[in-house]
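Reminder, nothing fancy here: chain letters follow the sequence lines and each chain counts from 1.
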Number of protein chains: 2
Amino acid sequence: MENNEEKYAALKLENQICFPLYACSKEIIRKYKPYLDEIDLTYTQYITMMVLWEKKCVNVKTLGESLYLDSGTLTPVLKKLESKGYISRVRSNEDERNLVVTITEEGEKLKEHAVCIPSKIGSCVNLTAKDAEVLYTLLYKIIGNVR
Amino acid sequence: MENNEEKYAALKLENQICFPLYACSKEIIRKYKPYLDEIDLTYTQYITMMVLWEKKCVNVKTLGESLYLDSGTLTPVLKKLESKGYISRVRSNEDERNLVVTITEEGEKLKEHAVCIPSKIGSCVNLTAKDAEVLYTLLYKIIGNVR
DNA sequence: CCTAATATAATTGAATACAATTTTATTATA
DNA sequence: TATAATAAAATTGTATTCAATTATATTAGG
């Protein structure tokens, strides 16, 4: 009977690796909320803007590959960002299937108000540079393995 | 002008620690899907059952503390699990504010069909024992820091 | 004892997230 | 060229997720 105690050990929450990933992700995103509220963005809108602050212009497919999100998630996010005036959504002339997302002047300005956010989150997460690097490497290793 | 190249470095997706956490969590949960489909559970229902497989009986507040979820998320999940016959939901006699969730015989049986899942996910995530331990420790360190 | 404060779930509303399907456009092939 | 195959977004439906509010129960303080 005593080996029954171990038979289901792998099903215990404390022995999961995905659960703390899931919990950690949610808890950090929760920490973003007050800062993102100040610039009226959700976390999903924020990471979308990150891509656009860097690339200026991107189609939905490429954006989805960058963010690991599909058009089912991105379409409403992009429509919302468009309604806020931060991006434009225009079909490509070369290939009408492609929707080209371009950052606006307003969207560029928002970057100034967002630039202080990463350090605030960083001090809250509070890892050493070494730990952060180890974590970063492990996470992308997993993403590579899983996909 | 060249220091402008660095001014916004912290806003690049590649310099985030939360984004790979978020992406990694989602991608692993996606990997669970075919296995969870076989036992007709979603990931949220699965981690809820994990707590119940271990504790048999728990109130919503304690469950929420275990899973980092509130009643707004848990109430519909628990109603769904009840409709599937895996749990019962009964108000506590001692304190009518508390809803006591108890696993049923059917819920116990489900454990047998779930016990093979962790190893399948583990081989897909494919970390060494050492890496998994490092990751685990870092994640719970962050959760501790953030909360 | 009575009322204010607190505690616990449930409800509501907005925003994801994703699988599956549909629509439209482009490309490949018979 | 005509049609089949493929590709990109959008749509649909289900299930989270969470902040804020509400409803009900319990506890504490006067």
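- End-to-end axis angle of the helix from C/dC1-D/dG30 to C/dA30-D/dT1, using five pairs per end and rounding to 10°, comes to 0°.
- Rounded to whole angstrom, the span from the CG atom of B/Leu63 across to the C1' atom of C/dT8 amounts to 13 Å.
- Contact check of residues 17-34 of chain B against DNA chain C (heavy atom, cut-off under 4.0 Å) returns B/Tyr22, B/Lys26, B/Arg30, B/Lys33.
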Under 4.0 Å protein heavy-atom contact, by nucleotide of nucleotides 5-10 of chain D - B base, S sugar-phosphate only | --BSBB
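- Here the options are B/Val77, B/Leu74, B/Thr44, the test is side chain to side chain contact (heavy atoms under 4.5 Å, CB included), and the partner is B/Leu67; only B/Leu74 passes.
- For B/Tyr43 and A/Tyr22, the ring centers are positioned less than 6.0 Å apart.
- When only modelled atom types and interatomic distance are considered, B/Asp95 and B/Ser92 share no side-chain donor-acceptor pair under 3.5 Å.
- For the pair B/Asp70 CG and D/dT22 P, the interatomic distance rounds to 17 Å; values are reported in whole Å.
- Per the geometry, CG belonging to B/Leu36 stands 11 Å off P belonging to D/dT16, to the nearest Å.
- Ion pair B/Arg89/B/Glu82 flagged as a salt bridge, since at least one NZ, NE, NH1 or NH2 atom sits closer than 4.0 Å to an Asp/Glu carboxylate oxygen.
- The 5' end of DNA chain D is approached more closely, in terms of each residue's nearest nucleotide, by A/Thr73 than by the other of B/Thr73 and A/Thr73.
- Using a 4.0 Å cut-off between charged nitrogen and carboxylate oxygen, A/Arg30 and A/Glu27 count as a salt-bridge pair.
- Take B/Ile17 and apply the side chain to side chain contact (heavy atoms under 4.5 Å, CB included) test, not counting sequence neighbours, and it matches A/Leu135, A/Tyr136.
- In this entry the distance linking CG of A/Asn93 with P of C/dT26 reads 10 Å, nearest Å.
- From A/Ile142, atom CD1 reaches atom CD1 of B/Ile28 across 5.0 Å, with rounding to the nearest 0.5 Å.
- For A/Cys116, the side chain to side chain contact (heavy atoms under 4.5 Å, CB included) partners at least two apart in sequence or on another chain are A/Lys120.
- Ion pairing of B/Lys109 with B/Glu106 is present here, as a side-chain N (NZ or NE/NH1/NH2) and a carboxylate O approach within less than 4.0 Å.
- Heavy-atom distances to DNA chain C give each of A/Lys80 and A/Glu94 a nearest nucleotide, and the one nearer the 5′ end belongs to A/Lys80.
- Non-hydrogen atoms lying under 4.0 Å from DNA chain C are contributed by A/Thr42, A/Thr44, A/Gln45, all within residues 37-52 of chain A.
- Atom CZ of residue A/Phe19 and atom CD1 of residue B/Ile47 lie 5.5 Å apart, to the nearest 0.5 angstrom.
- Aromatic ring orientation, B/Tyr46 versus B/Trp53: perpendicular (interplanar angle above 60°, classes split at 30° and 60°).
- Between A/Glu112 and B/Lys7 a salt bridge is recorded (basic side-chain N to carboxylate O distance below 4.0 Å).
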